[in-house]
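Only heavy atoms go into these numbers, but all of them, side chains included; no hydrogens, no water, no symmetry mates.
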Amino acid sequence: MIDKGSEDIKPTEGKSLNFLETIIEEDIRKGKNDGRVHTRFPPEPNGYLHIGHAKSICLNFGLADKYNGKCNLRFDDTNPTKEEQEYVNSIMEDVRWLGFDWEDRLFYASDYFDQLYEWAIKLIKDGKAYVDDQPADLISEQRGVPTRPGIESPFRKRSIEENLELFERMKKGEFPDASKVLRAKIDMASPNMHMRDPVLYRILHSNHHRTGDKWCVYPMYDFAHGQSDYLEGITHSICTLEFEIHRPLYDWFLDNLIESEYRPRQHEFARLNLSYTVMSKRKLLELVKDKYVTGWDDPRMPTISGLRRRGYTPESIRNFADRVGVAKRENVIDVGLLEFSIREHLNLISPRIFAVLDPLKVIITNYPEGKTEELNLENNPEDPNGGNRIVPFSREVYIERDDFMEDPPNKFFRLGPGREVRLKGAYVIKCEDVKKDENGNIIELHCTYDPTTKSGSGDQRKVKGTLHWVSVNHAVDAEVRLYDRLFSKEFPDELENENDDFKNNLNPDSLQVITGKIEPSVKNAKHPDHFQFQRLGYFCVDPDSIPDKLVFNRTVSLKDTWAKMNK
RNA sequence: UGCCCGAUGGUGUAACUGGCAACACGUCUGACUCUGAAUCAGAAGAGUCCAGGUUCGACCCCUGGUCGGGCAACCA
């Protein structure tokens with residue numbers, strides 16, 4: 001992003017602008033903030049990032065990139081009772097993994113605690129803030145309800161001197177938690193609840209992950225966010241819709257604190273929702289804490305770390321974020337779009353291999369015993385530089401159990417008694433006999449092969465079906481974790497009644513662990529290698545995997561027209 | 001009875017300063033195929049929440065409704 005000149009602003013050729021781009025381009029045209037574009041991604045380090053945050057990250061960093069600006073990473077760490085270093089670390093890892101770089105602009109709201117404290121004093125001195133001794137429930141009661149004005153606190157008209165002294169003592173830790181707060185003096189009758197003398201500072205004798213025990217009072221979000229934006233020179237402060245109502249307060253603080261012309265401006269967009277999952281941090285935390293999943297990075301979680309472990313790539317997530325768009329209306333994105341995005345990318349980059357997940361043994365009766373052929377197969381037809389690999393073929397192979405039917409319908413293009421199929425990369429085989437155990441279960445198939453049909457030999461015979469397979473004597477066992485959607489309901493937040501719980505909508509079959517038979521070329525595969533298990537889906541090596549015991553996660557299945565036909 | 005926001009095919013987003021609605025996913029056909037994948041070709045699907053108004057002409061502007069979401073933590 002680099003070339004300077006008149007093309008600094010990448011013009012949006014043909015493609016239409018989203019509403020934020022429209023605003024930004026207009027601001028630039030008008031020369032607002034000297035045409036600067038400076039955004040920020042401001043997570044609270046109280047949990048792991050999820051796909052919704054990914055949208056915000058792509059938006060903020062993407063806008064900065066598009067308009068030759070900068071984007072800061074800023075931790076909104078004003079509440080030490082909820083925030084932890086572990087979360088800070090995971091967030092930085094996730095943002096980086098997604099492919100974004102905040103360069104030297106890593107900030108914390110806690111960097112500004114001194115300045116914020118000074119600003120609070122200024123407000124007191126200006127008669128615009130006061131210390132309230134009332135308990136939280138009383139304050140809340142006096143605040144009224146949206147349809148009725150609140151009433152003023154009896155402490156509202158404390159003298160400036162007394163306020164100054166009390167606030168100083170609050171800071172020094174002379175009062176217990178929750179015994180006093182500092183409030184702005186705005187308007188208890190405002191139709192906007194947030195303007196009814198909002199709390200600026202509360203007393204919290206709590207160790208902060210960065211400032212330790214230095215502070216006994218901590219600023220509220222509203223008193224920290226806009227000022228932090230201001231201090232960092234943010235021009236466009238992009239947040240989600242629920243903060244829209246906060247904007248007058250955001251502006252009020254700046255207008256009452258700052259002399260200069262420059263102002264950051266808050267803009268709100270609709271957060272991302274995804275079908276078949278939940279997105280609230282509280283609910284995700286609950287799933288982790290109560291062990292419904294193995295952790296924040298459980299591959300079923302919509303967290304960035306979960307998606308990463310599941311086998312999603314940064315590219316696929318960025319493309320997804322691009323495709324969902326940005327607007328101000330509530331939305332629920334079909335999880336199918338996410339799945340499309342990852343298939344699209346993995347199709348391009350994943351080596352193809354053979355893996356049989358539900359094995360049925362096939363004995364090729366006319367194939368020489370003890371013989372092994374080393375077949376040279378293409379890794380990825382989509383990638384000319386993908387190279388080749390050797391796959392051993394022998395007299396006994398496994399095929400997928402549901403690739404055989406004893407009494408198949410016409411549309412079944414696979415193996416059945418007397419039918420022929422091609423073993424991909426090898427030969428055409430014909431099913432001659434079906435062996436069963438005493439209970440009638442099919443235990444193996446006896447087939448014959450046609451030696452003239454070897455792949456690549458120029459044989460022209462067409463058969464309807466092509467199956468993947470693995471040589472029995474060469475197969476490698478691997479644990480395969482088959483993941484499915486975490487919830488069985490499209491909108492898991494939608495409850496039947498008051499006693500219902502979103503956890504009742506969990507999909508009991510979201511994880512199935514099996515042992516699969518995999519071709520030997522993957523023996524040395526390691527995390528985070530991606531593969532396409534041919535005809536099955538995309539899989540990646542899990543971090544749990546060790547050389548003697550491979551573990552694969554199913555990222556997403558291949559589109560399956562056959563399965564759909566049978567619905 | 002308050003304030004703020006929103007409303008376009010199944011889903012999500014477009015439609016330049018007003019000129020009868022486009023793209024993506026999904027769905028359905030068909031072609032191709034040594035992955036029932038991918039790819040390719042095509043189709044169906046909304047008349048833009050409703051009612052008025054302005055205009056030669058409105059998704060777009062105005063008025064009034066309806067519906068949906070948000071706002072009453074010492075959370076962010």
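- Across all strands shown, A/Val199 has heavy atoms under 4.0 Å from sugar-phosphate atoms exclusively, and none from any base.
- Take the nearest nucleotide of RNA chain B for A/Val463 and for A/His246: the residue whose nucleotide is more 5' is A/Val463.
- A/Lys328 places no side-chain N or O within donor-acceptor distance of the main-chain N or O of A/Leu241, the cut-off being under 3.5 Å.
- Counting any heavy atom pair closer than 4.0 Å across all strands shown, A/Val145 reaches a base atom.
- No hydrogens or angles considered: nothing links the side chains of A/Asn319 and A/His345 as a donor-acceptor pair under 3.5 Å.
- Here A/Ile333 lies in heavy-atom contact (under 4.0 Å) with sugar-phosphate atoms only.
- Put simply, CZ on A/Arg414 is 17 Å from P on B/rC34, counting in whole angstrom units.
- With hydrogens and angles left out, the side-chain atoms of A/Tyr538 and A/Gln532 include a donor and acceptor closer than 3.5 Å.
- At the heavy-atom level, A/Arg343 lies nowhere under 4.0 Å from the strands shown.
- Between the P atom of B/rG26 and the CG atom of A/Leu338 lies a distance of 13 Å, rounded to the nearest Å.
- Rounded to an integer number of Å, the gap from A/Phe223 CZ to B/rC74 P is 16 Å.
- The line from CD1 of A/Ile23 to CG of A/Asn18 is 9.0 Å long, rounded to the nearest 0.5 Å.
- Among the protein residues, A/Thr78 comes within range of the sugar-phosphate backbone only, with heavy atoms under 4.0 Å from sugar or phosphate atoms but none that close to a base.
- In this model, the phosphate group of B/rU8 is approached by a side-chain N or O of A/Arg329 to a distance below 4.0 Å at OP1 or OP2.
- For the pair A/Lys82 NZ and B/rA73 P, the computed distance is 13 Å after rounding to whole Å.
- Under 3.5 Å, the side chain of A/Glu382 and the base of B/rU39 form no donor-acceptor pair of N or O atoms.
- Considering A/Asp132, A/Val131, A/Asn163, A/Leu166 in turn, A/Asp132 is the only one that fulfils the side chain to side chain contact (heavy atoms under 4.5 Å, CB included) rule with A/Phe155.
- Nucleic acid contact for A/Glu339: none, since no nucleic acid atom lies under 4.0 Å from a heavy atom of the residue.
- Residue contacts for A/Asn18: at a heavy-atom cut-off of 4.0 Å it reaches the sugar-phosphate backbone alone, with no base atom in range.
- With C1' as the reference atom, B/rA22 and B/rC59 are 13 Å apart, rounded to whole Å.
- Rounded to the nearest Å, the gap between the P atom of B/rU27 and that of B/rU66 is 39 Å.
- Between A/Phe243 and A/Tyr221, the ring-plane angle classifies as tilted under the 30° and 60° cut-offs.
- Under a cutoff of 6.0 Å and an axis angle of 45°, A/Lys424 and A/Phe354 do not form a cation-pi pair.
- The residue A/Gln534 sits close to a base: some heavy atom pair falls under 4.0 Å.
- The interatomic distance linking A/Asp560 (CG) with B/rG26 (P) rounds to 14 Å, in whole Å.
- Within the structure, every side-chain polar atom (N or O) of A/Arg422 is placed at least 4.0 Å from both OP1 and OP2 of B/rU33.
- Among the atoms of the strands shown, none is found under 4.0 Å from any heavy atom of A/Pro149.
- Nucleotides B/rG57 and B/rC20 place their P atoms 15 Å apart, quoted to the nearest Å.
- Distances shorter than 4.0 Å separate some side-chain N or O of A/Arg143 from OP1 or OP2 on B/rC74.
- Ranking B/rA14, B/rG36, B/rC75 by closeness to the A/Phe412 side chain, first place goes to B/rG36.
- Comparing the P positions of B/rG26 and B/rU39 gives an interatomic distance of 10 Å, to the nearest angstrom.
- A/Pro381 comes within 4.0 angstrom of a base, heavy atoms only.
- The residue A/Tyr218 sits apart from the nucleic acid: no heavy atom pair falls under 4.0 Å.
- Taking atom C1' on both nucleotides, B/rG47 is separated from B/rG30 by 30 Å, rounded to a whole Å.
- Contact annotation for A/Lys464: no contact, since no heavy-atom pair falls under 4.0 Å across all strands.
- A distance-only check finds a donor-acceptor pair linking the side chain of A/Ser228 to the backbone of A/Ala224 [under 3.5 Å].
- Taking atom C1' in both B/rC40 and B/rU33, the straight-line distance is 11 Å, to the nearest Å.
- One P atom belongs to B/rC62, the other to B/rU55, and the distance between them is 16 Å to the nearest Å.
- Taking the ring-ring contact (aromatic ring centres under 6.0 Å, His included) definition, one finds that A/Tyr367 meets it with A/Phe393, A/Tyr449, sequence neighbours left out.
- In this structure, A/Trp562 packs face-to-face on the six-membered ring of B/rG36, meeting both the 5.5 Å centre cutoff and the 30° plane limit.
- The 12-atom threshold is not exceeded at CZ of A/Arg271, counting heavy atoms of other residues, nucleotides or ligands nearer than 6.0 Å.
- Separating the CG atom of A/Leu467 from the P atom of B/rG36 is a distance of 8 Å, rounded to the nearest angstrom.
- Within 4.0 Å (heavy atoms only), A/Phe340 reaches sugar-phosphate atoms of the nucleic acid but no base atom.
- Helical stems of RNA chain B (runs of at least 3 Watson-Crick or G-U pairs, donor-acceptor distances under 3.5 Å) are listed by first residue: B:2-7 with B:66-71, B:10-13 with B:22-25, B:27-31 with B:39-43, B:49-53 with B:61-65.
- Along RNA chain B, the nucleotide nearest to A/Lys559 and the one nearest to A/Asp334 differ in position, and the one closer to the 5' end is contacted by A/Asp334.
- For a distance-only test at 3.5 Å, the side chain of A/His468 fails to qualify as a donor-acceptor partner of the base of B/rA37.
- Remark: the separation of the C1' atoms in B/rC71 and B/rC75 is 15 Å, to the nearest Å.
- Residue contacts shown for A/Gln532 include a base, since a base heavy atom lies under 4.0 Å away.
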